[in-house]
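In this text, all values refer to a predicted model and were calculated from it rather than measured experimentally.
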Amino acid sequence: MLSRQHKLLVMKFVSLFSVIRGYNIPIIVIAQYLSAIFIIAPEKRALSILLDFNLFIIVFASSLTIASGYIINNFYDSKKDLINRPNKSMLDRLVSQNTKLNVYFALNFIVVFLAIFVSWRAFVYFSVYIFLIWYYSHRIKKFPIIGNLTSAFLSVLPFFAIFLYYKNLYEVILGHAAFLFLLLLIREMIKDLENIKGDLANDYKTIPIIYGEPVSKKIITVLTIATIIPVYVLIEIFDVGYMDMYFYFCLIILIFFLLRLWKSNTKEQYLLLHNVLKFLIVAGVFSIILINPSVLWHGEKLLRSI
């Protein structure tokens, strides 16, 4: 049996895990590696990418930066989350604000320290990324439109660290980035509809608060229809292998998403739409493998030969 002190320690660890949204970090790591193997550096052997120590440092630093970003975002949103996410907020409060800040600064120090060993470009990139996340959490996120755009941009930014490392920027990469950016932007606007009460109580100037829910839904509809453009480019102009099945699946789901959007008016209904978008984003990460599934077959043969 655990003592009371040990139980409290475990609960604080769980609380910190909740604050940094530790369940999201592995997905981001997998997304970065799959993007490097199948999209950004397809000419390189998958094994050489997986064993690249400098790439590992960049991915690890990206994970720590994102974790620290969740911490500072949680720090500034603590009052709002008490209204929007009361259960999660009570769990998060088991770790003091002072401890959160200490962990935040420690993580950022480690990131900058690691980046220096990779290159000066990595150092500049992560320094700017850390600053942008802080400035977004501190000020930008309270403003309509620019807050949504910045949040979506910061979510895509970790992949630019891989671009910077391999110095590759193929047109097909921009197509994938545009599609992901639109999904993330739509999700941010759904979150605004979902969190109206907390945003209103804490003076956040979101689109549904200033212009109303119908205007917000119209913008989401336009953005959803706009996803057709990068999908068309990726399927018809570039070779995405079997991943075209994922894009067709997305378009079908997004049609039902729009139908459901215009019938939704409660927090629970918006939460469902939010989770649909999260599912599409996570599914998209693993669907990257469909670009060239033979990489997995060759990898399996290689492992058996060892």
Side-chain angles (χ1 to χ4, degrees), residues 16 19-75 100-141 149-181 184 281 284-285 288 291 295:
L16 187 60
V19 170
I20 67 171
R21 302 184 192 182
Y23 40 83
N24 284 343
I25 304 298
I27 299 297
I28 296 169
V29 171
I30 292 171
Q32 286 181 297
Y33 271 112
L34 290 180
S35 297
I37 294 170
F38 293 94
I39 301 175
I40 300 172
E43 74 285 352
K44 293 182 177 290
R45 291 182 62 214
L47 187 60
S48 67
I49 291 176
L50 293 174
L51 297 179
D52 189 327
F53 183 71
N54 282 339
L55 178 62
F56 168 77
I57 293 298
I58 288 175
V59 172
F60 183 58
S62 296
S63 301
L64 295 184
T65 304
I66 292 166
S68 73
Y70 282 133
I71 292 174
I72 199 65
N73 191 61
N74 178 276
F75 178 83
K100 290 175 186 177
L101 284 180
N102 288 335
V103 174
Y104 168 75
F105 286 116
L107 290 178
N108 287 335
F109 174 79
I110 294 171
V111 167
V112 173
F113 180 76
L114 291 174
I116 291 174
F117 284 95
V118 177
S119 69
W120 67 267
R121 286 188 295 269
F123 170 75
V124 172
Y125 167 84
F126 281 108
S127 298
V128 172
Y129 190 26
I130 290 169
F131 171 78
L132 287 175
I133 291 176
W134 167 78
Y135 194 65
Y136 162 77
S137 301
H138 175 61
R139 185 170 297 275
I140 296 178
K141 74 177 303 178
L149 290 170
T150 304
S151 178
F153 174 71
L154 290 175
S155 297
V156 175
L157 207 54
F159 298 99
F160 283 88
I162 312 297
F163 302 155
L164 187 67
Y165 179 65
Y166 285 110
K167 300 176 184 177
N168 287 342
L169 193 58
Y170 303 132
E171 290 83 355
V172 65
I173 296 172
L174 297 178
H176 285 281
F179 180 73
L180 176 60
F181 177 81
L184 290 168
I281 293 169
V285 169
I288 294 174
I291 293 176
V295 171

For this session: Kindly write out the residues that satisfy ring pair (Phe, Tyr, Trp, His ring centres under 6.0 Å) with Phe113, not counting sequence neighbours, or none if the list is empty.
Result: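 Result, ring pair (Phe, Tyr, Trp, His ring centres under 6.0 Å) vs Phe113: Phe117.
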
Problem set entry | Sequence-distant partners of Phe179, ring pair (Phe, Tyr, Trp, His ring centres under 6.0 Å), two or more places apart | Phe247

Exercise. What do the steps show when you test Lys141 against Thr150 for side chain to side chain contact (heavy atoms under 4.5 Å, CB included), and what is the final call?
Worked result: CA-CA 8 Å; Lys141 74 177 303 178; Thr150 304; over 6 Å; no

With a 4.5 Å limit on heavy-atom distance, are the side chains of [X] and [Y] in contact?
{"X": "Leu157", "Y": "Tyr125", "value": "yes"}
{"X": "Tyr166", "Y": "Ile49", "value": "yes"}
{"X": "Phe181", "Y": "Leu149", "value": "yes"}

Identify every side-chain donor-acceptor pair in residues 127-136 under 3.5 Å, counting partners at least two apart or on other chains, and give the distances.
unit_1, atom_1, unit_2, atom_2, d
Ser127, OG, Phe123, O, 2.7
Tyr129, OH, Leu154, O, 2.9
Trp134, NE1, Tyr76, OH, 3.2

For this session: May I have all residue pairs that pass side-chain hydrogen bond (donor to acceptor under 3.5 Å, both in side chains) and include part of residues 47-61, sequence neighbours excluded?
Result: Asp52-Tyr165

Exercise. If you look only at pairs with a residue in residues 21-31, which of them pass as a side-chain hydrogen bond (donor to acceptor under 3.5 Å, both in side chains), with sequence neighbours excluded?
Worked result: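 Found Asn24-Tyr70.
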
Please tabulate, one pair per line, all N/O donor-acceptor pairs under 3.5 Å involving side-chain atoms of residues 30-39, not counting sequence neighbours.
unit_1, atom_1, unit_2, atom_2, d
Gln32, NE2, Ser62, OG, 3.3
Gln32, NE2, Pro158, O, 3.2
Ser35, OG, Ala31, O, 2.7

For this session: Could I get the full list of side chain to side chain contact (heavy atoms under 4.5 Å, CB included) partners for Ala178, not counting sequence neighbours?
Result: Pro230

For this session: For Ile281, check side chain to side chain contact (heavy atoms under 4.5 Å, CB included) against everything at least two apart and list the hits.
Result: Leu180, Leu183, Leu184, Arg187

Problem set entry | side chain to side chain contact (heavy atoms under 4.5 Å, CB included) evaluation trace for Phe75 with Tyr104 | CA-CA 10 Å; Phe75 178 83; Tyr104 168 75; over 6 Å; no

Could you state the interatomic distance from [atom1] ([X]) to [atom2] ([Y]), rounded to the nearest 0.5 Å?
{"X": "Thr65", "Y": "Ile110", "atom1": "OG1", "atom2": "CD1", "value": "10.5 Å"}
{"X": "Ser63", "Y": "Ile27", "atom1": "OG", "atom2": "CD1", "value": "11.5 Å"}
{"X": "Asn73", "Y": "Ser137", "atom1": "CG", "atom2": "OG", "value": "4.0 Å"}

Exercise. Residues two or more places apart in sequence or in another chain: which of them pass side-chain hydrogen bond (donor to acceptor under 3.5 Å, both in side chains) with Ser68?
Worked result: Asn108

Problem set entry | Shortest non-hydrogen contact from Ile57 toward Val118 | CG2-CG2, 3.5 Å

Exercise. What is the minimum heavy-atom distance between Ser119 and Ala122, and which atoms define it?
Worked result: OG-N, 3.1 Å

For this session: Give the C-alpha distance, both sets of side-chain angles, the deciding distance and a yes or no for side chain to side chain contact (heavy atoms under 4.5 Å, CB included) between Val59 and Ile162.
Result: CA-CA 8 Å; Val59 172; Ile162 312 297; 4.2 Å; yes

